[in-house]
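We name chains A, B, ... by the order of the sequence lines, and we start the count at 1 in each one.
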Amino acid sequence: MSLNGQQIKQIIFKIAQMIDENKMYLTELDAAIGDGDHGINMSKGFQAVIDKIKDDNGDNIGDMLKKVSMALIANVGGASGPLYGTAFMKAGMWVGNRREISIEDYYNMLLEALNGIKARGRASIGEKTMVDSLEPAINELKVSIDNKFNELECLEKMVNSAKLGMENTKNIVATKGRASYLGERSIGHLDPGAVSCYLILKTIFEEVKKIKG
Amino acid sequence: MSLNGQQIKQIIFKIAQMIDENKMYLTELDAAIGDGDHGINMSKGFQAVIDKIKDDNGDNIGDMLKKVSMALIANVGGASGPLYGTAFMKAGMWVGNRREISIEDYYNMLLEALNGIKARGRASIGEKTMVDSLEPAINELKVSIDNKFNELECLEKMVNSAKLGMENTKNIVATKGRASYLGERSIGHLDPGAVSCYLILKTIFEEVKKIKG
Amino acid sequence: MKKVINNPNYVVEEMINGLIKAYPEYLKRVDNYNVIVRKSAPNKKVALVSGGGSGHEPAHAGYVGYGMLDAAVLGEVFTSPTPDQIYEAIKAVDAGDGVLLIIKNYTGDVMNFEITKEMAEMEGIKVESVIVNDDVAVENSLYTAGRRGIAGTVFVHKIAGAMAEEGASLEEVKRVAQKVINNVRSMGMALTPCTVPAAGKPNFTLQEDEMEIGMGIHGEPGTHREKIKPADEIVEHMLNKIFDDMPLSENDDVAVMVNGLSGTPLMELYIVNNKVNDVLKSKGVNVYRTYVGEYMTSLEMAGFSISILKLDEELKRLLDAKANTVAFKVL
Amino acid sequence: MKKVINNPNYVVEEMINGLIKAYPEYLKRVDNYNVIVRKSAPNKKVALVSGGGSGHEPAHAGYVGYGMLDAAVLGEVFTSPTPDQIYEAIKAVDAGDGVLLIIKNYTGDVMNFEITKEMAEMEGIKVESVIVNDDVAVENSLYTAGRRGIAGTVFVHKIAGAMAEEGASLEEVKRVAQKVINNVRSMGMALTPCTVPAAGKPNFTLQEDEMEIGMGIHGEPGTHREKIKPADEIVEHMLNKIFDDMPLSENDDVAVMVNGLSGTPLMELYIVNNKVNDVLKSKGVNVYRTYVGEYMTSLEMAGFSISILKLDEELKRLLDAKANTVAFKVL
Ligand SMILES: Nc1ncnc2c1ncn2[C@@H]1O[C@H](COP(=O)(O)OP(=O)(O)O)[C@@H](O)[C@H]1O
Ligand SMILES: Nc1ncnc2c1ncn2[C@@H]1O[C@H](COP(=O)(O)OP(=O)(O)O)[C@@H](O)[C@H]1O
Ligand SMILES: [Mg+2]
Ligand SMILES: [Mg+2]
Ligand SMILES: [Mg+2]
Ligand SMILES: [Mg+2]
């Protein structure tokens with residue numbers, strides 16, 4: 001698909017806007033099984049992201065993503081800050097000073113991000129966290145790429161899989177994060193981090209579609 | 001009138017009973033302009049009085065009244081404990097080892113009690129306290145005795161005067177005790193101590209009437 | 001009534017037991033009395049006795065120990081202790097050098113302590129007393145019960161206690177206690193009422209958006225009731241009332257106590273102190289020491305009081321002297 | 001929301017300012033950061049850094065000083081501080097002998113502190129960390145986020161701080177901190193919720209006659225909710241949960257902390273301690289020290305926690321070592 005730094009920057013801006021629009025929704029999800037701040041946290045963090053990269057010319061994708069990471073780490077607070085921060089950090093480290101990324105690069109960046117999140121959060125799939133939308137999405141993306149589907153199709157399948165994973169968090173008893181204190185009582189609720197992660201993947205797909213479609 | 005120690009003891013028992021019956025009333029009066037414990041305090045104190053003198057044979061009136069005083073001081077708590085305690089102490093000191101008291105003795109005992117209360121509370125008439133029922137009552141008693149009215153008549157006039165004084169506390173701004181913190185807002189309320197004092201004088205009169213009538 | 005208690009009638013008894021069990025290295029109880037004395041005091045020194053109704057913890061038992069009180073007498077909740085109790089405290093701590101009674105200015109307290117003083121004097125014990133009246137919410141005049149005693153009392157305990165520990169005479173200890181009283185002013189406010197356990201219901205009511213300014217530590221009425229305002233405005237108003245009563249000049253040294261009534265979190269007390277400090281600095285007043293915490297509480301009431309103590313060199317020295325009590329320590 | 005504040009968004013900032021203005025002899029702030037450090041620390045010693053969300057005052061800034069912490073990092077209310085803040089604290093206090101991070105076991109805290117640890121290590125600073133997880137209301141298993149860190153943390157500050165003050169190495173300080181963690185268990189309960197200022201409404205609801213057993217210090221759910229019971233029954237239940245997790249034997253020595261969450265008056269905490277002490281004594285356990293007060297609060301929540309720390313000779317010595325901080329002093 002070959003996205004350049006400027007395009008990636010635009011996608012990040014769109015993500016920030018989307019998070020802001022979903023601030024109350026994410027916060028309400030978190031109020032049900034956490035401490036009711038996920039939307040507030042994320043929106044604060046992505047505001048800082050915009051500030052941090054608005055003057056970045058996108059020449060060095062790796063550096064830009066590290067800036068995103070630092071902004072998230074320093075401003076989101078809570079659990080999701082270090083997790084998303086680590087994700088962007090790992091993605092940025094993988095991409096290094098490449099000036100464009102392909103769908104395969106994108107896959108590798110996501111995989112690095114996932115591994116970063118899992119290591120940081122000591123989490124695996126099925127614990128009712130953002131991992132539950134991210135991991136199936138990445139697996140699906142891999143399969144689609146291996147099947148040589150066209151790029152938009154790959155991304156679309158990835159988003160659908162993220163959505164299924166996200167919806168499935170309703171059926172999971174949380175064993176990580178604040179929701180784990182609820183035990184069985186966490187069943188029936190979506191995990192806010194899984195939702196924000198799905199929304200981010202969806203935004204990426206939609207933006208790439210606009211650029212490429 | 002010549003009351004002996006046994007008769008005085010019976011009167012004190014009646015006072016205790018009357019206080020117990022008026023416990024809630026006195027407490028409600030105190031709740032309006034104080035801390036809502038006057039009835040509770042007094043009733044606790046007079047229960048202790050009964051305990052303390054129930055085996056007293058009444059031979060030494062002064063000693064018996066000192067016991068009453070100590071029981072009140074040690075058990076009423078709050079402002080009214082030391083005040084009523086001082087009153088009985090002073091009355092007991094005045095009566096000493098007399099074995100019977102006349103109406104003149106009774107007057108002198110009350111006068112001592114009043115002076116004790118005023119000294120202890122640094123109070124004078126018109127400050128919305130028990131002094132406001134006791135002092136006019138004593139003055140009236142003095143006039144009646146000087147006029148050579150019969151004893152029951154003297155006591156009745158005393159009680160009527162106490163009642164007027166007590167009722168008049170409604171019109172007074174408190175300048176002593178807790179009610180003084182209310183300033184003008186204390187107007188319109190009876191002073192609980194003035195009421196308990198009136199009720200005690202009234203009980204004494206009624207009991208003497210039963211004994212002598 | 002939401003309280004962690006067993007029986008409303010035994011709260012004081014169980015509290016005393018829990019306190020002694022917690023701090024046997026500091027405190028012991030006089031058998032059968034609601035009197036708490038120092039575990040160990042020097043044989044020869046002026047003894048300090050304070051007390052009052054319970055419900056103001058850590059006052060006063062928390063201030064029994066090295067450099068502060070020798071005994072605290074605990075009445076029922078919000079009720080003055082009786083003379084038999086106070087007398088027992090005096091007897092327990094008198095070492096022949098005399099006893100100073102530190103009394104808060106409430107009619108019941110004053111009378112019960114004064115009766116006891118007369119009793120002790122009759123027994124040949126040298127007893128003096130001071131009456132703390134720092135609460136400027138109440139006007140002080142010959143024609144009222146006078147200002148109430150509130151959190152400023154803790155400064156009296158600290159400073160008179162340090163003086164006694166130095167070995168000063170009863171007259172000297174009384175003099176310095178009275179100096180503190182003359183130089184300390186306080187004012188409080190409340191956001192919520194409190195419930196005396198035996199009563200079972202709150203002693204007054206405040207609307208969800210109301211506060212009472214000048215509220216006493218037993219819920220006695222203050223100067224007025226109004227809608228809640230920002231902390232800074234509340235502080236400014238309270239300080240002005242204090243300054244009206246005790247004007248401060250540039251370069252005056254003061255100690256500040258921001259005292260929580262119990263329900264108010266420390267976070268809010270620090271926010272209050274932020275403004276108190278600013279106002280004092282803007283007047284050129286030098287804040288020598290600040291104490292933020294719960295020193296004289298009112299059951300579970302939310303609210304706070306501010307106390308300002310004007311200092312001279314003697315008071316500074318005594319304020320900073322070593323103290324080792326459960327609730328007040330100076331190393 | 002009844003609070004003495006100015007603006008919900010600035011409570012942490014104003015609190016920090018009020019705290020520093022109150023205790024300039026103990027504390028200073030790292031400019032532009034929510035980091036509070038000791039006014040003066042020896043040049044060479046292992047540095048202790050703790051922190052977490054605000055709203056738990058006096059934790060943790062109140063424990064900065066001689067014999068305890070070197071720095072506290074203050075997050076927003078009930079929100080972990082971010083790595084840039086924690087990093088600043090580490091840099092401010094590292095004297096070359098290494099830094100121990102004392103972390104309470106919450107996902108956000110653990111991750112933010114660990115990221116920072118990696119950042120500091122990359123800069124060549126020797127950093128170790130321990131994770132406090134004393135709350136037995138949560139089951140500890142590989143398959144949960146594990147027990148939460150609550151008031152037992154204060155024992156870690158005290159004991160590791162004393163060890164560092166003695167001049168021990170980072171490894172030694174970490175060892176003793178971990179020993180405390182292995183030997184301390186706590187459990188809490190709540191009578192009322194609390195309100196995060198920025199949220200403006202309570203974080204949960206409890207009926208007038210209900211309490212929640214096992215409640216966390218941010219209002220995290222506990223083991224169950226039930227009708228209020230007498231204090232003694234509540235205490236017995238909580239202690240049993242603690243003993244289930246950490247059995248005690250006859251002649252064991254323990255330290256006890258009865259910690260108020262802020263809204264509960266000291267009177268009730270003493271009543272609680274009365275029972276705690278009785279239960280321990282009836283098991284033949286020796287109560288070496290007791291601490292009753294507000295050590296780790298939860299805004300204005302009413303409730304309390306009990307912490308039991310099993311002691312050996314080393315822990316006793318360090319517990320009793322001199323400490324001089326705003327909220328914890330040992331003479
Ligand atoms: N250990 C973990 N591993 C992965 N994700 C986690 C972990 N803990 C929490 N999360 C994610 O973080 C989300 C909560 O984020 P947020 O509300 O911003 O933080 P906090 O819980 O500290 O308030 C959860 O919904 C979950 O998806
Ligand atoms: N200084 C005083 N002199 C005389 N009487 C007083 C004085 N102060 C209070 N009283 C009387 O005491 C009564 C209150 O008694 P009580 O409620 O038992 O004590 P408290 O006010 O300590 O709760 C008042 O109604 C008043 O009559
Ligand atoms: Mg959250
Ligand atoms: Mg959070
Ligand atoms: Mg009363
Ligand atoms: Mg009373």
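In this structure, a donor-acceptor pair under 3.5 Å is absent between the side chains of A:Glu135 and A:Asn139. Side-chain contact annotation: D:Lys104 with D:His56, donor-acceptor N/O pair under 3.5 Å absent.
Classification of D:Arg147 and D:Asp134 as a salt-bridged pair fails, no side-chain N sitting under 4.0 Å from a carboxylate O. By the 4.0 Å N-to-carboxylate-O rule, D:Glu114 lies close enough to A:Arg122 to be salt-bridged with it. Of the charged side-chain nitrogens involved, none lies within less than 4.0 Å of a carboxylate oxygen, so that A:Lys14 and A:Glu206 do not count as a salt-bridged pair.
Contacts between A:Asn75 and chain D at a heavy-atom distance below 4.5 Å involve the backbone alone (N, CA, C, O). Only the side chain of D:Asp84 comes within contact range of chain A, with heavy atoms under 4.5 Å apart. Looking at D:Val110, only its side chain comes within 4.5 Å of chain A, counting heavy atoms on both sides. Neither the backbone nor the side chain of D:Tyr87 comes within contact range of chain A; no heavy atom of the residue lies under 4.5 Å from a heavy atom of that chain. In this structure, no portion of D:Asp135 lies under 4.5 Å from any heavy atom of chain A. Neither the backbone nor the side chain of A:Ser124 comes within less than 4.5 Å of any heavy atom in chain D.
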